[in-house]
Chemist: 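Encoded as structure tokens, here's the structure I'll be asking about.
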Amino acid sequence: EIGELKTRQADAARKIEEMTSEINLTTETIAELNSREVQLQKEQGAVQTQQEIEIPRVSYSISLYANITGIKWDYNREEGALAGVVGDESNQTLKAFDFSNEEGISRYEMAEKLWEMLEN
């Protein structure tokens with residue numbers, strides 16, 4: 001009976017040791033995750049600050065380019081598409097353009113065609 005109690009005591013001690021090790025590992029994991037959370041919150045703050053600076057700047061640039069060139073962009077097009085309207089104040093005309101349906105046209109060629117429309 002004493003031998004059985006000693007065996008059970010040893011088993012219990014081993015289980016306590018395993019649980020203690022598991023608790024320590026879990027505590028370390030929690031600390032790492034808390035540290036990562038703080039880091040991500042700092043990064044989120046930096047991104048928000050950058051957005052607060054960049055969005056007005058880009059918006060102003062787009063507005064400036066649109067006013068200078070007379071281009072009104074169609075922002076509802078799929079990615080890679082280039083569409084909109086070019087306005088010519090001197091002869092009060094509008095020219096629509098849509099380069100999204102032309103297969104194989106490069107960005108350079110799109111820009112060239114757009115410049116041609118602006119010049120004419």
Side-chain angles (χ1 to χ4, degrees):
E1 189 171 290
I2 292 179
E4 184 182 324
L5 288 175
K6 285 187 179 187
T7 302
R8 287 173 58 190
Q9 182 183 16
D11 287 344
R14 218 176 7 262
K15 285 183 181 178
I16 289 172
E17 204 173 294
E18 288 173 5
M19 289 179 172
T20 302
S21 177
E22 197 172 313
I23 288 171
N24 289 339
L25 182 61
T26 302
T27 303
E28 288 175 16
T29 302
I30 289 171
E32 289 172 5
L33 290 173
N34 285 336
S35 175
R36 180 71 176 140
E37 178 186 20
V38 168
Q39 179 184 0
L40 289 173
Q41 286 175 345
K42 286 179 184 177
E43 289 177 18
Q44 180 183 19
V47 167
Q48 285 176 340
T49 300
Q50 188 66 23
Q51 283 179 335
E52 290 170 3
I53 294 169
E54 288 297 317
I55 289 174
R57 185 186 67 78
V58 170
S59 178
Y60 174 77
S61 295
I62 290 172
S63 175
L64 179 65
Y65 297 146
N67 287 329
I68 291 171
T69 62
I71 297 174
K72 302 288 185 218
W73 298 104
D74 181 357
Y75 294 109
N76 296 321
R77 304 299 300 198
E78 66 274 3
E79 187 175 330
L82 191 62
V85 177
V86 175
D88 185 357
E89 287 186 28
S90 64
N91 58 7
Q92 304 270 321
T93 60
L94 294 174
K95 298 176 200 171
F97 62 92
D98 185 350
F99 301 129
S100 60
N101 296 329
E102 297 179 7
E103 293 186 25
I105 187 169
S106 70
R107 288 183 174 199
Y108 175 79
E109 291 169 320
M110 285 183 191
E112 284 298 311
K113 287 183 178 188
L114 198 53
W115 277 117
E116 286 175 17
M117 290 178 78
L118 290 171
E119 291 172 352
N120 295 333

Chemist: Report yes or no: does Thr27 contribute a side-chain atom to a donor-acceptor pair with the main-chain N or O of Ile23 at less than 3.5 Å?
Modeler: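 The answer is yes, because a donor-acceptor pair under 3.5 Å joins these two groups.
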Chemist: Quick one: side chain to side chain contact (heavy atoms under 4.5 Å, CB included) partners of Ser35, sequence neighbours excluded?
Modeler: none
Chemist: Using the test side chain to side chain contact (heavy atoms under 4.5 Å, CB included), find all partners of Trp73 that sit at least two apart in sequence or belong to another chain.
Modeler: Ile71, Tyr75, Leu82, Phe97, Leu114
Chemist: Hydrophobic clusters join Ile, Leu, Val, Met, Phe, Trp and Tyr when side-chain heavy atoms are under 4.5 Å apart, directly or via other members; which others share one with Tyr60?
Modeler: Leu64, Ile68
Chemist: Residues in side chain to side chain contact (heavy atoms under 4.5 Å, CB included) with Ser106, at least two apart?
Modeler: Tyr108, Glu109
Chemist: Determine, stepwise, if the pair Leu118 / Val86 fulfils side-chain contact (heavy atoms from CB on, under 4.5 Å).
Modeler: CA-CA 7 Å; Leu118 290 171; Val86 175; 3.6 Å; yes
Chemist: Mark yes or no for whether Ser63, through its side chain, and Ser59, through its backbone, hold a donor-acceptor pair below 3.5 Å.
Modeler: no
Chemist: Is there any salt bridge (charged side-chain N to carboxylate O under 4.0 Å, His left out) pair reaching into residues 18-35, and which pairs are they, with sequence neighbours excluded?
Modeler: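 Salt bridge (charged side-chain N to carboxylate O under 4.0 Å, His left out) check on residues 18-35 returns no pairs.
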Chemist: Taking ILVMFWY side chains as joined if any heavy atoms are under 4.5 angstrom apart, and letting links pass through other members, which residues group with Val85?
Modeler: Leu94
Chemist: Any salt bridge (charged side-chain N to carboxylate O under 4.0 Å, His left out) involving residues 59-69? Give me the pairs, sequence neighbours left out, ordered by first then second residue.
Modeler: none
Chemist: Run the side-chain hydrogen bond (donor to acceptor under 3.5 Å, both in side chains) test against Thr26 and tell me which residues pass, sequence neighbours left out.
Modeler: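 Once residues adjacent in sequence are excluded, Thr26 has no partner under the side-chain hydrogen bond (donor to acceptor under 3.5 Å, both in side chains) criterion.
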Chemist: Under 3.5 Å, sequence neighbours excluded: what are the donor-acceptor pairs made by side chains of residues 40-51?
Modeler:
residue : atom : partner : partner atom : Å
Glu43   : OE2  : Gln39   : NE2          : 3.3
Thr49   : OG1  : Gly45   : O            : 2.9
Gln50   : NE2  : Glu54   : OE2          : 3.2

Chemist: Calculate, to the nearest 0.5 Å, the distance between atoms CD1 and CD belonging to Ile2 and Glu4 respectively.
Modeler: 11.5 Å
Chemist: Going by the rule side-chain hydrogen bond (donor to acceptor under 3.5 Å, both in side chains), which residues pair with Asp11 if we only count those two or more places apart in sequence or in a different chain?
Modeler: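 Asp11 satisfies side-chain hydrogen bond (donor to acceptor under 3.5 Å, both in side chains) with Arg14 once adjacent residues are dropped.
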Chemist: Restricting to side chain to side chain contact (heavy atoms under 4.5 Å, CB included), what partner residues turn up for Asn34, sequence neighbours left out?
Modeler: Ile30, Glu37
Chemist: When rounded to the nearest 0.5 angstrom, what is the spacing between CD1 in Ile62 and CZ in Arg57?
Modeler: 10.0 Å
Chemist: What residues, two or more places apart in sequence or in another chain, satisfy ring-ring contact (aromatic ring centres under 6.0 Å, His included) together with Tyr65?
Modeler: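 Here no residue qualifies.
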